[in-house]
Each structure stands twice: as structure tokens, then as C-alpha cells.
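Basis for what follows: all heavy atoms, side chains included, without hydrogens, waters or symmetry-related copies. Chain naming here is simple, since letters A, B, ... match the order of the sequence lines and numbering starts at 1 in each.
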There are 2 protein chains.
Amino acid sequence: MDQTFTALANAHRRTMLDILKAKPGLCVNDIAAHFDMSRVAVMKHLAVLEAAQLVVTERVGKEKHHYFNVIPIQQIYDRWTDQYSRFMASRLTAFKDQVEQQESDDEQSQQQKCS
Amino acid sequence: MDQTFTALANAHRRTMLDILKAKPGLCVNDIAAHFDMSRVAVMKHLAVLEAAQLVVTERVGKEKHHYFNVIPIQQIYDRWTDQYSRFMASRLTAFKDQVEQQESDDEQSQQQKCS
DNA sequence: TTTACATGTAACCTTTTAGTTACATGTAAA
DNA sequence: TTTACATGTAACTAAAAGGTTACATGTAAA
């Protein structure tokens, strides 16, 4: 989970996923052609994505093909919907009311006292 | 989007969101009590979460109450489901076949030639 | 068997991140 | 009006992130 978020936290890496999503099987040089960055820098980004299993590779001869792997994103999706979506649905309206009309100083039901 | 992922990339910060989800309105000291970390460090984490709008605050007297804001996560959820879910659904099986049985050397339909 | 070229690795630099301690500020309550 | 205490800020350090250049390795094809 940590590696997935870390990998997704970089805009270059998200763009690489978009590229590989559109064109599965690209090699490092192909990907590097899209960026104003050295090949080695691109390789490091791809290594981060591979460590997060967002990219998987296949070696064919001297070439290494890269593929976008959607499974970690699917897992995040599952986590959010499992862990948060009920909270979202039930809490969102109450939360907006609570924050946006912050002039209401009467005590809120779940609010904690600071220690 | 970038700030959201950056904020979520840190396990401490995700834990803080879990804490605030469970106990809305906690102050810095309350949150810091959960961590083996200084109050200032916790404040910096909360600042990152606040910059990403994953946490919103309300000042009451000398206390500052923190609330988990689910909206950026909802937006990520929307982005993944919008942009990726169709791709997921249609591509996942084909992708698994393509990678896992990597002995099939016959040309794959969308695979690119390396430059 | 050279040659070309895609990839791998090493060494290095700069900026950001994550944390610390010390001190300053502002408000609630004694 | 002191006092207590929650929060804010400044200055610093160590490690990680993101990038570079130079060189090494391995395989396909001439």
C-alpha cells in the first residue's frame, strides 16, 4: 500500500502509467522519449513503479517490455470503498454542515475534548 | 491530485486520517499522543494533510479541532473509476494471460516495437 | 566476430522530506 | 493579572528522492 501511494505520488510516474496504459509493451527508450529527462532517471521511476507492482516487465531478447498492471489500483479502490465509502455516504453531509457553517458553536455530538 | 497522493503516501499520515475518522475534532496534542514523535512533527504532517484538503480545521478558543475530509479521496475514487475502471474490466484478463504465460512469443496485438 | 544498441550499474550532486529542540505567541481560567 | 497550556515558528540535521554523467554488460544482426 505504501509503495503504491509513493509510486502514484509522482506526476511523472502517473504519466508513465498513462503511456503504458495506451501503449502496452514499450521499452525504456520509448518511454524516455516522452520526457525531458535522462534514460537512467526514467529507469529509476520505472523501478519504483515495478516495486509497487504497478508495472510488470517481460524480457524479450535485448529488449524489456513494460506493461501497466492495474491490480494495485484495484486494491486501493477496494480499500477505499470498503473502509471509507460507508463513512463517506453517512458522514459527508453532516461533515459539510459541521465545517461550512462553523459559526454554530453549540457542542457537536462526536467532538472530543482536547487533553 | 499530486498533493493528495503525496499526503496519502505516508503511513503516519494515513494513520492520522484513520484517527480523525474515528474521533472527529481532535487537537494536535491528542493526535500526537498516538505517535512516538514530537508535536511539531505531527503538526507538519497535519499541515501536509491540510494542504491536500484531507483535513480541515476549526479554531475554537485556544484549541484547533481537526476533521477528516473525505472529498479528495472521493475524487481519487472517481478518477480511478472513471479513467481506469473500464480499462480494468476489459483489459485485466487479457493482461494476465499476456504476462503470466510469457512463453507465448507470437506477436501481441497492441505491443509496440522498441525504437 | 565485430558492431550496434538496449539495458544495467556506479558515483555523485541537489533538493525535499521528516524529524528534532528551543523559544514565541495567544487565550482560558485561577 | 498571572499562570497554564495549546498552538505557532525558527533553525538545524539526517536521510531519502530525483536527477545527472560515465561506463559496463549482454544480445541481435551485419
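The CG atom of B/L49 sits 11 Å away from the P atom of C/dA18 (whole-angstrom rounding). For the pair A/D30 CG and C/dC5 P, the interatomic distance rounds to 14 Å; values are reported in whole Å. Distance CG (B/L46) to P (C/dG19): 12 Å, rounded to an integer number of Å. The CD-C1' distance, from B/Q3 to C/dT16, rounds to 14 Å in whole Å. Counting to the nearest Å, the C1' atom of C/dA4 and the CD atom of A/E63 are 13 Å from each other. Straight-line distance from the NE2 atom of A/H12 to the P atom of D/dA17: 17 Å, rounded to whole Å. A straight line from CE of B/M16 to C1' of C/dG19 spans 12 Å, rounded to a whole angstrom.
The 5' end of DNA chain D is approached more closely, in terms of each residue's nearest nucleotide, by A/H45 than by the other of A/H45 and A/G61.
Checking the phosphate oxygens (OP1, OP2) of D/dG8, no side-chain nitrogen or oxygen of B/K62 falls inside 4.0 Å. Look at B/N29 and you'll find a side-chain N or O under 4.0 angstrom from OP1 or OP2 of D/dT7. For the OP1/OP2 pair of C/dA18 and a distance below 4.0 Å, the side-chain nitrogens and oxygens of B/N10 include at least one atom meeting the criterion. For A/R13 and D/dG18, the shortest distance from a side-chain N or O to OP1 or OP2 is below 4.0 Å.
The hydrophobic cluster containing B/I76 also contains A/I73, counting ILVMFWY residues as joined when their side-chain heavy atoms lie under 4.5 angstrom apart, directly or transitively. Both B/L49 and B/F5 are part of a single hydrophobic cluster, where members link through side-chain heavy atoms under 4.5 Å apart.
A donor-acceptor contact under 3.5 angstrom links the side chains of A/E50 and A/T57, judged on distance only.
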Query - Dot-bracket encoding per residue of DNA chain D, Watson-Crick/G-U cut-off under 3.5 Å, | denoting interstrand - result: ||||||||||||||||||||||||||||||
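Two residues are said to be in side-chain contact when any heavy atoms from C-beta on lie closer than 4.5 Å; A/V40 and A/K44 meet this criterion.
When each of C/dG8, D/dT7, D/dT20 is scored by its nearest atom to the side-chain atoms of A/K44, the top-ranked nucleotide is D/dT20.
Remark: the backbone N or O of A/G61 is paired with a side-chain donor or acceptor of A/R59 at under 3.5 angstrom. Side chain of B/R14 to backbone of B/L8: a donor-acceptor contact under 3.5 angstrom is found. Between the side chain of B/N69 and the backbone N or O of B/V56 there is no donor-acceptor pair closer than 3.5 Å.
Atoms CD1 and CD, on B/I71 and B/Q74 in that order, are 8.5 Å from each other to the nearest 0.5 Å.
Contact detail for B/A52 and B/P72: the closest heavy-atom pair is O-CG, 3.5 Å.
Of the residues in residues 32-43 of chain A, those with a non-hydrogen atom less than 4.0 angstrom from any atom of DNA chain D are A/M37, A/S38, A/V40, A/A41.
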